[in-house]
Every structure is written in C-alpha cells, then in structure tokens.
Amino acid sequence: MHKEDWDDLRIVLAVSRTGSFARAARVLEVNESTVVRKVAHAEQRFRARLFERKPGKVSTTEAGQELVLRAEQVETVIRDATNVIRDSDGQIAGVVRLTSVPLLVNRILIPELPKLVRQHPNLQVELVADARVLSLARREADIALRLARPTGGLRAIARKVGELSYAVYGPEGFDTANLPWLTYESDQDSLPQAEWIARQIVNCGVMPPMLRTNDGEGLLACAQAGLGKTVLPQAIGDRAPGLVRLQTQPCDLVRELWMVVHPDLRKLDRVRAVMDWIVLVCGDLPNDVVS
C-alpha cells in the first residue's frame with residue numbers, strides 16, 4: 001500500500017467517526033480543505049460515493065461503510081506493527097490508551113498517575129473518561145477499568161483488581177436528616193448504586209430524588225454543592241472536600257473493579273507497565289464495609 005492510499009483511508013475513517021469534515025480536520029490537525037480533497041480523491045479512486053452530505057452532518061453510505069470496515073483492518077495491522085517495533089528495544093515508551101468512567105479516572109487514576117510518569121518518562125498515557133463501554137476490539141482503548149466483570153463474547157483478557165465499598169455522603173454543615181437523595185437518571189436505574197438508593201427511598205417512604213444525573217462525577221459535585229446526599233465509593237467520598245460520610249445510614253454496597261485488555265496487546269512492555277500500575281492503585285484502595 002502506498003502512503004497516499006493510507007492517507008486517504010485515514011481521513012475517510014476520521015470523517016466516518018466524527019460525522020463532520022471540520023471535526024475530522026481538527027482531530028487530524030489538517031485543514032478542512034485537505035479533508036474534502038482527500039475524500040473526493042478516495043471517491044474517485046473507488047468509483048463510489050462514500051458520504052452523504054447534509055447540513056451540519058456527514059453520514060457514511062453503504063459503500064463508505066464497507067470501505068471503513070476495510071480501513072479499520074488496515075489501521076489495526078499498522079498499529080500492531082508499530083507496537084512491535086516500538087517495544088523491540090525493551091524501553092517503556094509509546095502510547096497506551098486507558099478508559100474508565102469519569103469518576104474513577106478523575107478521582108482514583110489521575111491522582112496516582114505522577115508515580116507512573118516518574119517511573120516511565122517516555123510513556124504516554126491517553127486517559128479516556130467515558131461512561132460508555134468503549135470497544136477494545138476496535139481499538140477505541142487498549143485497557144479498560146470497569147465496575148463489573150465483562151460478559152458476552154468479548155475477546156479480551158479480564159482480571160479482577162480490587163473492590164470499591166460505598167457509603168452515603170452529604171454536604172458538610174447541613175442537616176443530613178432532611179437531605180434529599182441524589183441519584184442517576186432513569187435509563188441507568190439498573191446500576192447497583194441506583195438500585196440501592198431506590199431501595200432506601202421505598203423502605204423509608206421519602207420523596208423521590210430531587211435531582212438526577214448521568215454520571216457519578218455529577219453526583220459528587222451536586223452533593224458538594226449542598227443539593228442532597230448520595231452513595232459514593234469510600235476511596236473517593238472520604239477524600240472529597242466539603243463532604244462527610246453519614247454514619248447514621250449504613251451502606252453494604254460493594255462493586256468489583258475489573259481490568260480488561262486486548263489479548264494482542266497485553267504482552268507489550270508499555271501496556272504491561274500500565275497494567276501493573278493499575279493493579280497497585282486498585283489494590284491499595286481503602287475499603288471498610290458498614291453493615
């Protein structure tokens with residue numbers, strides 16, 4: 001494959017993933033005119049229309065989807081070859097893309113990241129704080145830290161690395177007896193945290209939550225703002241400024257922490273280094289279940 005061919009495919013991939021010529025240009029750090037020109041060149045070469053242009057949005061055609069599928073396969077081959085070459089000299093260097101929910105990224109991983117950076121100064125960690133389950137198979141991430149054991153036909157290596165014990169937290173200086181509950185939005189009612197809060201509401205006969213959000217980081221911020229009480233991991237809530245643990249409301253909720261990695265990457269030195277760091281960070285979390 002000529003370099004020009006891969007350049008075209010790389011731009012087609014970016015447009016498909018971002019749904020916009022302008023956003024693809026920003027991701028690739030090129031001019032939008034370059035993106036438009038490369039897409040036109042690819043359409044001419046493959047003699048097919050790859051994208052439907054609509055105001056404010058670009059969508060992939062059926063032919064475009066077929067090309068994107070092949071381009072992703074090429075992308076994987078190139079990335080794997082690059083990984084092998086970078087690791088061949090035995091140095092811990094290169095990029096490792098790590099994803100987890102925002103609460104864990106911001107409150108557990110980032111505070112411990114300086115230790116990893118000092119140990120491996122040539123390592124570049126890309127942290128993706130996202131509540132969605134990113135695909136390891138499509139290489140949206142190299143390693144994932146998740147709050148449940150992966151299920152289904154996932155082609156990945158999963159390892160339990162720790163547990164998170166939860167407790168009830170409210171804003172410091174407030175009358176905690178009358179604080180309303182803060183919980184997750186309704187489409188996340190199946191989360192163990194949301195189910196636990198729902199049981200407290202039913203058992204105590206209190207009013208429904210005054211505020212819902214789609215993310216644990218949002219719940220923490222709302223509690224700090226004095227809007228109510230919620231459940232948080234003790235390893236996070238105990239350190240959060242302006243919050244106090246409500247000892248009058250014991251919580252028996254515990255969630256497992258699972259590290260998931262693509263099997264083709266787990267033997268790479270830099271991926272191994274990040275995996276070992278995650279094991280140390282998660283294995284050192286404070287937990288004391290109150291019953």
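Positions are given from 1, in the same order as the sequence printed here. Quantities reported herein were computed from a predicted structural model and do not represent experimental measurements. In what follows, every heavy atom counts, from backbone to side chain, and hydrogens, waters and symmetry copies are set aside.
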R149, CZ atom: more than 12 neighbouring heavy atoms under 6.0 Å: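 Counting other residues, nucleotides and ligands, CZ of R149 stays at 12 neighbours or fewer.
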Heavy-atom neighbours of R199 CZ exceed 12 at 6.0 Å: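 Yes, CZ of R199 has more than 12 neighbouring heavy atoms, counting only those of other groups under 6.0 Å.
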[X] and [Y]: which non-hydrogen atoms are nearest, and at how many Å?
X    : Y    : result
Y184 : D189 : O-OD1, 4.4 Å
Y166 : V231 : CD2-C, 4.2 Å
L182 : I197 : O-CD1, 3.4 Å
A240 : L220 : CB-CD1, 4.3 Å
S165 : V254 : OG-CG2, 3.9 Å
A141 : T99  : CB-CG2, 3.6 Å

Would a distance-only check, ignoring hydrogens and angles, find a side-chain to backbone donor-acceptor pair under 3.5 Å from [X] to [Y]?
X    : Y    : value
E29  : A25  : no
T18  : R23  : no
W277 : E112 : yes
T61  : L50  : yes

salt_bridge([X], [Y]) N-O dist < 4.0 Å:
X    : Y    : result
E43  : R53  : yes
R97  : E126 : yes
K38  : D8   : yes
R146 : E256 : no

So, taking the atom named [atom1] in [X] and the one named [atom2] in [Y], what distance separates them when rounded to the nearest 0.5 Å?
X    : Y    : atom1 : atom2 : result
L191 : L147 : CG    : CG    : 9.0 Å
I278 : L98  : CD1   : CG    : 4.5 Å
Q200 : C251 : CD    : SG    : 7.5 Å
S100 : I143 : OG    : CD1   : 11.5 Å
L211 : T183 : CG    : OG1   : 10.0 Å
L13  : L69  : CG    : CG    : 10.0 Å

Check: [Y] and [X] side chains under 4.5 Å, non-hydrogen atoms:
X    : Y    : answer
L164 : L104 : yes
R245 : V168 : no
Q249 : L246 : yes
F51  : T60  : yes
P102 : D215 : yes
L9   : L67  : yes
T230 : C222 : no
V105 : L145 : no

So if you build clusters from Ile, Leu, Val, Met, Phe, Trp, Tyr with side-chain heavy-atom gaps below 4.5 Å, do [X] and [Y] land together?
X    : Y    : answer
I110 : M275 : yes
V279 : L265 : yes
W258 : I236 : no
L285 : M259 : yes
V161 : L103 : yes

Stepwise side chain to side chain contact (heavy atoms under 4.5 Å, CB included) check, R10 with L28: CA-CA 9 Å; R10 187 169 63 99; L28 297 174; 3.4 Å; yes
Salt bridge (Lys or Arg N to Asp or Glu O under 4.0 Å) between E217 and R107, intermediate numbers included: CA-CA 9 Å; E217 185 74 33; R107 308 290 172 165; 2.5 Å; yes
K229 to W181 six-membered ring, cation-pi geometry met (6.0 Å, 45°):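 The answer is yes; both the distance and angle limits are met.
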Trace of the side chain to side chain contact (heavy atoms under 4.5 Å, CB included) decision for L127 with L113: CA-CA 10 Å; L127 288 175; L113 192 57; 4.0 Å; yes
Option from L268, L123, D142, I92 for which side chain to side chain contact (heavy atoms under 4.5 Å, CB included) with V274 holds: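 Per the side chain to side chain contact (heavy atoms under 4.5 Å, CB included) rule, the option paired with V274 is L123, out of L268, L123, D142, I92.
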Polar contact flag, side-chain donor to acceptor under 3.5 angstrom, Y169-D238: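 Y169 vs D238: donor-acceptor pair found between side chains.
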Residue pair R255 / Q193, side-chain donor-acceptor N/O under 3.5 Å: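 Short answer, yes.
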Verdict with supporting geometry, L243 and Q224, side chain to side chain contact (heavy atoms under 4.5 Å, CB included): CA-CA 6 Å; L243 291 186; Q224 287 177 315; 3.8 Å; yes
